[in-house]
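Notes follow the structure.
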Amino acid sequence: MKELVEKILKGNSAAIAKGISLVENNPNDGQTLMKEIFRHAGNSIIVGITGAPGTGKSTLIDQMIDTLVKDGKKIGVVAVDSSSPFTGGAILGDRIRMMRHSVHPDVFIRSMATRGHLGGLAKTSGEALYILEAAGKDILLVETVGVGQDEIEVVKLADIIVVVLMPGSGDEIQIFKAGIMEIADVFVINKADFPDAEKTEHQINAMLDFGKKGEATLPVLKTVASEGQGIKPLLEAINRIVESRGKIARAERRKKRISFLLKEIISDKLFKEAMKSIQSVDFDEYVDDVYNNSADPYTIAEQIIGSLKRY
Ligand SMILES: Nc1nc2c(ncn2[C@@H]2O[C@H](COP(=O)(O)OP(=O)(O)O)[C@@H](O)[C@H]2O)c(=O)[nH]1
Ligand SMILES: [Mg+2]
């Protein structure tokens, strides 16, 4: 473990991969690792890239990596997709798209499988981000599909949120509905080589005027990710936001992340303690009791939790 921690802190990609696998698959060792690395984290800029499947997020990230790496930056990428129970395809696509960079020692790319996360996807992704921070990455890019509740939680872990749209898809309405509007910092209309790009731009701007009256308007940028067009302005917009925010706003964001993780850890541990305090036969009996109407699940849960308070 000590060796693993040291290698992670040095930014070794294989060690980072192993560390993330630990938090995904092995809660005990994962926790030991997190305890060690936590105080080394907290210095990366986390950029969430969200949008419907196929809008070009992975292509955009690939281009961003390209520019950032040439700038001497160390990059971590976490791609998350819980929209499909069979994410294999999507993840494979992402891997292929970003693969050309994954051999670079300063670039770490990880697709996170989504189902069956002990303690939830957002918690595990959050831990992965802390590991990447401890590994000395300057910028972390988090790709999520902006639909599932889980993924909205994930994208909330970011310092800056980029919403990616493409012309003519009608995504704008979805964004309104899912509450992504409120958390967005930058809008990108990718595939600006499509004929409807300007129409979409007008729609977005109209929506923003309508939704955020009186507040500073959000940047709406056009990109052609597949051609590497518009990447510099996007990175500059992100930079401008980072710089304009200042230390206090940054600290608040950090604290939000910490508070999220702390709550997750507490509920995780409480659940485990509660389950440890009862035998599995008892649990089955409780289920039967509720089934037979001789008890209700709320009272049973209160009793179980109450029994923990003694120690
Ligand atoms: N015409 C056009 N196609 C693009 C552009 N950006 C990405 N694509 C293509 O759109 C498809 C989906 O891209 P991908 O990055 O996987 O989207 P994601 O699901 O949002 O990650 C791929 O076939 C890309 O090559 C663009 O700016 N213009
Ligand atoms: Mg993708």
Side-chain angles (χ1 to χ4, degrees), residues 46-69 75-102 107-115 121 125 128-129 139-148 150-152 154-155 157-158 160-175 178 180 183-201 203-204 219-235 237-238:
I46 305 175
V47 182
I49 317 267
T50 193
T55 47
K57 300 177 296 298
S58 299
T59 314
L60 205 59
I61 289 173
D62 174 74
Q63 295 285 350
M64 290 165 85
I65 298 172
D66 201 49
T67 305
L68 290 166
V69 149
I75 319 294
V77 178
V78 174
V80 162
D81 180 358
S82 75
S83 60
S84 149
F86 306 105
T87 45
I91 285 179
L92 190 61
D94 285 346
R95 284 229 180 99
I96 289 165
R97 246 179 285 296
M98 296 185 267
M99 193 59 101
R100 65 182 174 127
H101 294 298
S102 62
V107 179
F108 180 89
I109 299 171
R110 174 76 162 220
S111 292
M112 298 197 79
T114 49
R115 300 286 171 219
L121 177 63
S125 319
L129 294 175
I139 298 175
L140 305 181
L141 304 171
V142 187
E143 177 183 339
T144 67
V145 177
V147 281
D150 266 1
E151 286 164 322
I152 291 177
V154 173
V155 86
L157 301 172
I160 288 173
I161 296 168
V162 178
V163 174
V164 183
L165 302 150
M166 59 181 265
S169 63
D171 288 344
E172 309 81 42
I173 296 142
Q174 273 313 110
I175 280 174
I180 293 171
I183 56 173
D185 297 299
V186 179
F187 282 94
V188 168
I189 302 167
N190 186 43
K191 306 198 185 183
D193 53 324
F194 281 20
D196 276 351
E198 272 176 26
K199 200 172 135 203
T200 305
E201 189 182 13
Q203 282 169 347
I204 298 290
V220 179
L221 305 171
K222 282 187 288 189
T223 58
V224 183
S226 51
E227 305 292 328
Q229 287 173 24
I231 306 302
K232 278 240 161 82
L234 170 58
L235 291 171
I238 290 169

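Each ligand, and each atom within it, is numbered from 1 in the order the structure gives. In what follows, every heavy atom counts, from backbone to side chain, and hydrogens, waters and symmetry copies are set aside. This one's a predicted model, so the numbers in the text were calculated from it and none came from an experiment.
- Considering all non-hydrogen atoms of both residues, Val47 and Ala158 come closest at C-CB, 4.1 Å.
- At under 3.5 Å, not a single nitrogen or oxygen of Thr223, backbone or side chain, sits near a nitrogen or oxygen of ligand 1.
- Taking backbone and side-chain atoms together, Thr59 has no N/O/S atom less than 2.8 Å away from the Mg ion (ligand 2).
- Considering backbone and side-chain N/O of Ala225, one or more are found under 3.5 Å from N/O of ligand 1.
- Once rounded to the nearest 0.5 Å, the distance linking CD1 of Ile161 with OG1 of Thr144 reads 8.5 Å.
- Between atom 17 (O) of ligand 1 and the options Gly56, Ala79, Ala52, the minimum heavy-atom separation is to Gly56.
- Counting heavy atoms under 4.0 Å from ligand 1, residue Thr55 touches it through both backbone and side chain.
- A distance of 14.0 Å separates CG of Asp62 from NZ of Lys57, quoted to the nearest 0.5 Å.
- Both the backbone and the side chain of Ser226 come within 4.0 Å of ligand 1, counting heavy atoms alone.
- Here is the list of ligand 1 atoms found below 4.0 Å of a heavy atom in Thr59: 7 (C), 13 (O), 14 (P), 15 (O), 24 (C).
- The contact set between ligand 1 and Asp193, taken as ligand atoms under 4.0 Å from a residue heavy atom, comprises 1 (N), 2 (C), 26 (C), 27 (O), 28 (N).
- Assignment of Gly51 to the shell around ligand 1 is not supported, since no heavy atom sits closer than 4.0 Å.
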message: Between Met112 and Val154, does the side-chain contact (heavy atoms from CB on, under 4.5 Å) criterion hold? Intermediate values first, please.
response: CA-CA 12 Å; Met112 298 197 79; Val154 173; over 6 Å; no
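- Residue Phe194 has at least one heavy-atom neighbour below 4.0 Å for each of these atoms of ligand 1: 1 (N).
- Glu143 has its closest N, O or S atom to the Mg ion (ligand 2) at the position named OE2.
- When heavy-atom distances to ligand 1 are checked against a 4.0 Å cut-off, Glu227 has no atom that comes that close, whether in backbone or side chain.
- Listed by atom number, the atoms of ligand 1 under 4.0 Å from Pro53 heavy atoms are 19 (O).
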query: Checking side-chain contact (heavy atoms from CB on, under 4.5 Å) for the pair Leu234/Leu60: CA distance, chi angles, key distance, verdict?
result: CA-CA 10 Å; Leu234 170 58; Leu60 205 59; 4.2 Å; yes
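- The salt bridge (charged side-chain N to carboxylate O under 4.0 Å, His left out) test applied to Glu198 returns Lys222, not counting sequence neighbours.
- Under the 4.0 angstrom criterion for non-hydrogen atoms, Gln229 is not in contact with ligand 1.
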Less than 3.5 Å apart, which donor and acceptor atoms pair up between the side chains of residues 186-193 and the rest of the protein, not counting sequence neighbours?
unit_1 : atom_1 : unit_2 : atom_2 : d
Asn190 : OD1    : Thr223 : OG1    : 2.9
Asn190 : OD1    : Ala225 : N      : 2.9
Asn190 : ND2    : Thr55  : O      : 2.9
Lys191 : NZ     : Gly54  : O      : 2.8

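- Contact annotation: the side chain of Ile238 never approaches that of Ile139 to less than 4.5 Å [non-hydrogen atoms, C-beta and beyond].
- The side-chain heavy atoms of Ile49 and Ile61, taken from C-beta on, include a pair separated by under 4.5 Å.
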